[in-house]
A.B. asks: 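Dropping the structure in here first, questions after.
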Amino acid sequence: MQSKTNNHIVQGVLLAITATLLWSGNFIIARKVSSAISPISLAFYRWACASVVLFPFAYKYLIAELTHVKANWKILSLIALTGIALFNTFVYIAGHNTTAINMALIGTTSSPIFATVMAVLFLKERLGFYRIIGMIICIVGIVLLISKGSWDTLLSFKFSSGDTWILAGAFAFAVYNILVRKKPTHISALSFLLIIFIMGALMLFPFFILEQTMVKNTVQWSSSLIGSILYLGIGTSVLAFWCWNLAISKLGAGRTVLFGNLIPIFSTLEAILILGETITPIHLYSGILVIAGLIIANFTFKTK
């Protein structure tokens, strides 16, 4: 019995690590293809690809649950808007103006803070002492990164446009995390993913068409770009969500969410190895602070 439990834990850990490794590539792709494709086009192609890939596996569940989907279209639309249409589009806009390291550190660490504040305000959740301390440490780390260690920059709020966009994306994803807690129980995980993928793509479609008609040569097609879109649609969307959901079933949501802290670490390493970005002491210090803050905020410390 103990051996079976240990196997579930090991499997859950491997699945969670796989999901975070796949997700970390999102920031690398956003930076790498920024000169070849616009943010809206990249976001639309990603979710259109994800919808097509997931459809054969999920359409039977979606048809069977269509009544529940129609009854909950409002909350599903809001979830798709914040988590699919806005979040990733903002990330891709940020990719044109800031580094992948900054995107990973700011995006994956500020979002939990936004989500926690909104949970307190709107869901009336209570914060424990260590969660408050962890949040404060995370904020210090993020401020250090955005200010680039400059007191003058901090006082004058001279943030780069890319950092501002990634903060906007983090806020959108935080709203998504609050809304997703209200996911209708009668809608299965596969149906839920398929419907928000499709709705997100449809929300982006008018802006995609407008962009195609107003801007010439919006996409510079190449095998590298096609591979990047396939990676986003299949890897960071379908496979990552599938691995993450399986990890939750084996480890529980509380333990699985901690693995999200690996995303900025993986993204930073990938940015150095793949994009040749330079890591500075500020990146190291801020990364240590935010990861330490997230660990403190998510673990329960018991005293005798």
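Values reported hereafter were calculated over all heavy atoms of this structure, with side chains retained and with hydrogens, waters and symmetry mates removed. Quantities reported herein were computed from a predicted structural model and do not represent experimental measurements.
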A.B. asks: Ignoring hydrogens and angles, write down the donor-acceptor pairs under 3.5 Å from the side chains of residues 188-200, residues two or more places apart or on other chains.
C.D. replies:
from	atom 1	to	atom 2	distance (Å)
S188	OG	E65	OE1	3.2
S188	OG	E65	OE2	3.2
S188	OG	S191	N	3.4
S188	OG	S191	OG	3.2
S191	OG	Y61	O	3.3
S191	OG	L62	N	3.1
S191	OG	E65	OE1	2.8

A.B. asks: Looking only at the aromatic ring of each residue, does the gap between the centers of F87 and W23 stay below 6.0 angstrom?
C.D. replies: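 Between F87 and W23, which both carry aromatic rings, the centre distance is not below 6.0 Å.
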A.B. asks: So if I apply the side-chain contact (heavy atoms from CB on, under 4.5 Å) rule between I93 and each of S34, P39, S38, which one comes out positive?
C.D. replies: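 One option only clears the test, and that one is P39.
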A.B. asks: Over 60° means perpendicular and under 30° means parallel, so tell me whether H186 and H68 are parallel, tilted or perpendicular.
C.D. replies: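 Taking H68 first and then H186, their aromatic rings lie parallel (interplane angle under 30°).
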A.B. asks: Which residues satisfy the ring-ring contact (aromatic ring centres under 6.0 Å, His included) test with F57, sequence neighbours excluded?
C.D. replies: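 Listed in chain order: nothing, the list is empty.
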A.B. asks: According to a hydrophobic-cluster definition based on side-chain heavy atoms being under 4.5 Å apart (Ile, Leu, Val, Met, Phe, Trp, Tyr only), do L202 and I84 belong together?
C.D. replies: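 Yes.
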A.B. asks: What's the verdict on side chain to side chain contact (heavy atoms under 4.5 Å, CB included) for W244 and T20, showing C-alpha distance, side-chain angles and the deciding distance?
C.D. replies: CA-CA 8 Å; W244 190 256; T20 55; 3.8 Å; yes
A.B. asks: Give the minimum heavy-atom separation between Q220 and S35, together with the two atoms involved.
C.D. replies: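 Here Q220 and S35 meet closest at NE2-O, 3.3 Å.
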A.B. asks: Do R46 and N26 come close enough that some side-chain heavy atom pair is under 4.5 Å?
C.D. replies: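 Contact flag for R46/N26 side chains = yes.
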A.B. asks: Tell me whether the rings of F44 and F205 are parallel (<30°), tilted (30 to 60°) or perpendicular (>60°).
C.D. replies: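 If you compare the ring of F44 with that of F205, the planes turn out tilted.
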A.B. asks: Applying a strict under-4.5 Å side-chain criterion to I, L, V, M, F, W and Y, I'd like to know whether Y59 and V69 cluster together.
C.D. replies: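 In one cluster: yes.
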A.B. asks: Within the side chain of Y231, is there an N or O that forms a donor-acceptor pair under 3.5 Å with the backbone of L22?
C.D. replies: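 At least one qualifying donor-acceptor pair exists.
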A.B. asks: Any side-chain heavy-atom pair from L232 and N88 closer than 4.5 angstrom?
C.D. replies: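 No. Closest side-chain heavy atoms not under 4.5 Å.
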A.B. asks: Can you name the closest pair of heavy atoms from I37 and S41 and give their distance?
C.D. replies: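 Nearest pair, atom of I37 first, then S41: CG1-CB, 3.6 Å.
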A.B. asks: Report yes or no: do L225 and F208 belong to one cluster of Ile/Leu/Val/Met/Phe/Trp/Tyr joined by side chain heavy-atom distances under 4.5 Å?
C.D. replies: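 Per the 4.5 Å side-chain linkage, L225 and F208 are co-clustered.
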A.B. asks: Given Y176 and I79, is the side chain to side chain contact (heavy atoms under 4.5 Å, CB included) satisfied, shown in steps?
C.D. replies: CA-CA 5 Å; Y176 164 82; I79 291 172; 3.3 Å; yes
A.B. asks: Would you name the heavy atoms of C49 and L230 that are closest together and state the gap between them?
C.D. replies: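 The pair with the smallest heavy-atom distance is SG-CD2, 4.0 Å.
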A.B. asks: Please name all residues satisfying ring-ring contact (aromatic ring centres under 6.0 Å, His included) with F207, sequence neighbours left out, ordered by chain then number.
C.D. replies: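 Once residues adjacent in sequence are excluded, F207 has no partner under the ring-ring contact (aromatic ring centres under 6.0 Å, His included) criterion.
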A.B. asks: Under 4.5 Å between any side-chain heavy atoms of T82 and L78, yes or no?
C.D. replies: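 The answer is no; the side chains never approach within 4.5 Å.
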A.B. asks: Between G12 and A247, what is the shortest heavy-atom contact and its length?
C.D. replies: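 Distance-wise, the nearest heavy atoms are O-CB, 3.6 Å.
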A.B. asks: S237 side chain to I234 main-chain N or O, any donor-acceptor pair under 3.5 Å?
C.D. replies: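 No.
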A.B. asks: Which heavy-atom pair separates I40 from E211 by the least distance, and what is that distance?
C.D. replies: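 Closest heavy-atom pair between I40 and E211: CB-OE2, 3.8 Å.
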A.B. asks: Using the rule that two of Ile, Leu, Val, Met, Phe, Trp, Tyr join whenever any of their side-chain heavy atoms come within less than 4.5 Å, decide whether V91 and V33 are in one cluster.
C.D. replies: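 Yes.
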A.B. asks: If you look at every heavy atom in S51 and W47, which pair is closest and at what distance?
C.D. replies: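 Minimum heavy-atom contact is OG-O, 2.7 Å.
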A.B. asks: Under 4.5 Å between any side-chain heavy atoms of L76 and I187, yes or no?
C.D. replies: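 Answer yes - side chains close enough.
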A.B. asks: Any link between W242 and L14 through a network of hydrophobic side chains (Ile, Leu, Val, Met, Phe, Trp, Tyr) touching at under 4.5 Å?
C.D. replies: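 Shared cluster, no.
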A.B. asks: Can you tell me how far apart CD1 (I209) and CG (L204) are? Round to the nearest 0.5 Å.
C.D. replies: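 So the gap between those two atoms works out to 11.5 Å.
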